[in-house]
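All remarks here apply to the structure that follows.
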Amino acid sequence: MRLDHHPTWGYADLSATAEEYQRLADAIATGAGRADVTVSPGDDALAGVEVTGTAGPGVLLGYDPERRVLVISGDEPGRALLASILRDLGDYDDGGHLHIEHHPGHYYLAEGSLALIASSPHGGMPRR
């Protein structure tokens with residue numbers, strides 16, 4: 001898994017294998033766990049993802065600069081939806097990516113969430 005934080009642009013960039021997406025989705029669904037980065041870190045690289053269950057409402061994606069981790073916290077319904085989206089992404093059989101970004105009235109992301117771009121295990125763009 002590779003996870004970079006781009007503070008100038010206000011988003012994090014995630015790429016992972018299908019298996020890594022499945023493990024991350026499991027941690028998100030249960031509301032507890034940590035997924036560590038497996039690619040050598042660079043200047044923008046984060047150490048991993050930490051998941052905690054909270055009362056919500058919704059899911060908050062945040063950045064802990066001291067520990068250099070993406071923090072995912074939130075209620076069970078929101079976490080279940082985000083976990084399902086990442087599991088589906090891990091199952092892509094071609095390239096592609098998702099923009100997971102809050103907007104007013106978002107159905108599961110809480111206001112103040114860090115934007116996340118998550119790429120398919122086969123790369124960020126389709127090969128077609």
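These numbers were taken from a predicted model, which means no experiment stands behind them.
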How far does [atom1] of [X] sit from [atom2] of [Y], to the nearest 0.5 angstrom?
X	Y	atom1	atom2	value
M1	L14	CE	CG	6.5 Å
L86	E20	CG	CD	12.5 Å
L98	L116	CG	CG	9.0 Å
D4	L46	CG	CG	7.0 Å
S119	Y92	OG	OH	10.0 Å

Contacts under 3.5 angstrom, residues 100-108 side chains, donor-acceptor by atom type, not counting sequence neighbours:
residue : atom : partner : partner atom : Å
E101    : OE2  : H99     : ND1          : 3.1
H106    : ND1  : Y108    : N            : 3.2
H106    : ND1  : L109    : N            : 3.0

Hey, any chance [X] and [Y] share a hydrophobic cluster, counting ILVMFWY side chains that come within less than 4.5 Å of each other, even indirectly?
X	Y	answer
I117	V71	no
Y21	I85	yes
L114	L81	yes

Problem set entry | All pairs passing salt bridge (Lys or Arg N to Asp or Glu O under 4.0 Å) where residues 51-64 contributes a residue, at least two apart |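 For residues 51-64, and leaving out neighbouring residues, the salt bridge (Lys or Arg N to Asp or Glu O under 4.0 Å) pairs sorted by first residue read D64-R67.
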For this session: With sequence neighbours excluded, give me every salt bridge (Lys or Arg N to Asp or Glu O under 4.0 Å) pair touching residues 75-89.
Result: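 For residues 75-89: D26-R87.
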Exercise. Taking only residues two or more places apart in sequence, or in another chain, which ones meet A32 in a side chain to side chain contact (heavy atoms under 4.5 Å, CB included)?
Worked result: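 If we apply the side chain to side chain contact (heavy atoms under 4.5 Å, CB included) test to A32, skipping adjacent residues, there are no hits.
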Exercise. Okay, side chain of S120, backbone of H97: is any donor-acceptor separation there less than 3.5 Å?
Worked result: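 No, the answer is negative, given that no donor and acceptor are paired below the 3.5 Å cut-off.
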Exercise. Is the side chain of R23 donor-acceptor paired with the backbone N or O of A35 at a distance under 3.5 Å, no angle test?
Worked result: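 Checked: no pair found.
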Review item, side-chain donor-acceptor pairs of residues 52-62, under 3.5 Å, at least two apart:
residue : atom : partner : partner atom : Å
T54     : OG1  : G56     : N            : 3.4
T54     : OG1  : G74     : N            : 3.2

Exercise. L24 and side-chain contact (heavy atoms from CB on, under 4.5 Å): which partner among L82, L3, V49?
Worked result: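 Going through the options one by one, the only one that passes is V49.
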Exercise. Is V51 close to S73 at the side-chain level, that is, under 4.5 Å between some pair of heavy atoms?
Worked result: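 Of all side-chain heavy-atom pairs linking V51 with S73, none is under 4.5 Å.
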Problem set entry | side-chain contact (heavy atoms from CB on, under 4.5 Å) assessment of R34 paired with V69 | CA-CA 9 Å; R34 182 179 166 111; V69 296; 3.4 Å; yes
Exercise. What heavy-atom pair brings G33 and A27 nearest, and what distance separates the two atoms?
Worked result: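 Looking at all heavy atoms of both residues, the closest pair is CA-CB, 4.2 Å.
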For this session: Could you pull out the closest heavy-atom pair between G90 and P121, with the gap in Å?
Result: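 Minimum heavy-atom separation between G90 and P121: O-CG, 3.7 Å.
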For this session: For residues 59-89, pull every pair meeting ring pair (Phe, Tyr, Trp, His ring centres under 6.0 Å), keeping only residues two or more places apart or in separate chains.
Result: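 Pairs touching residues 59-89 that pass the test: H5-Y63.
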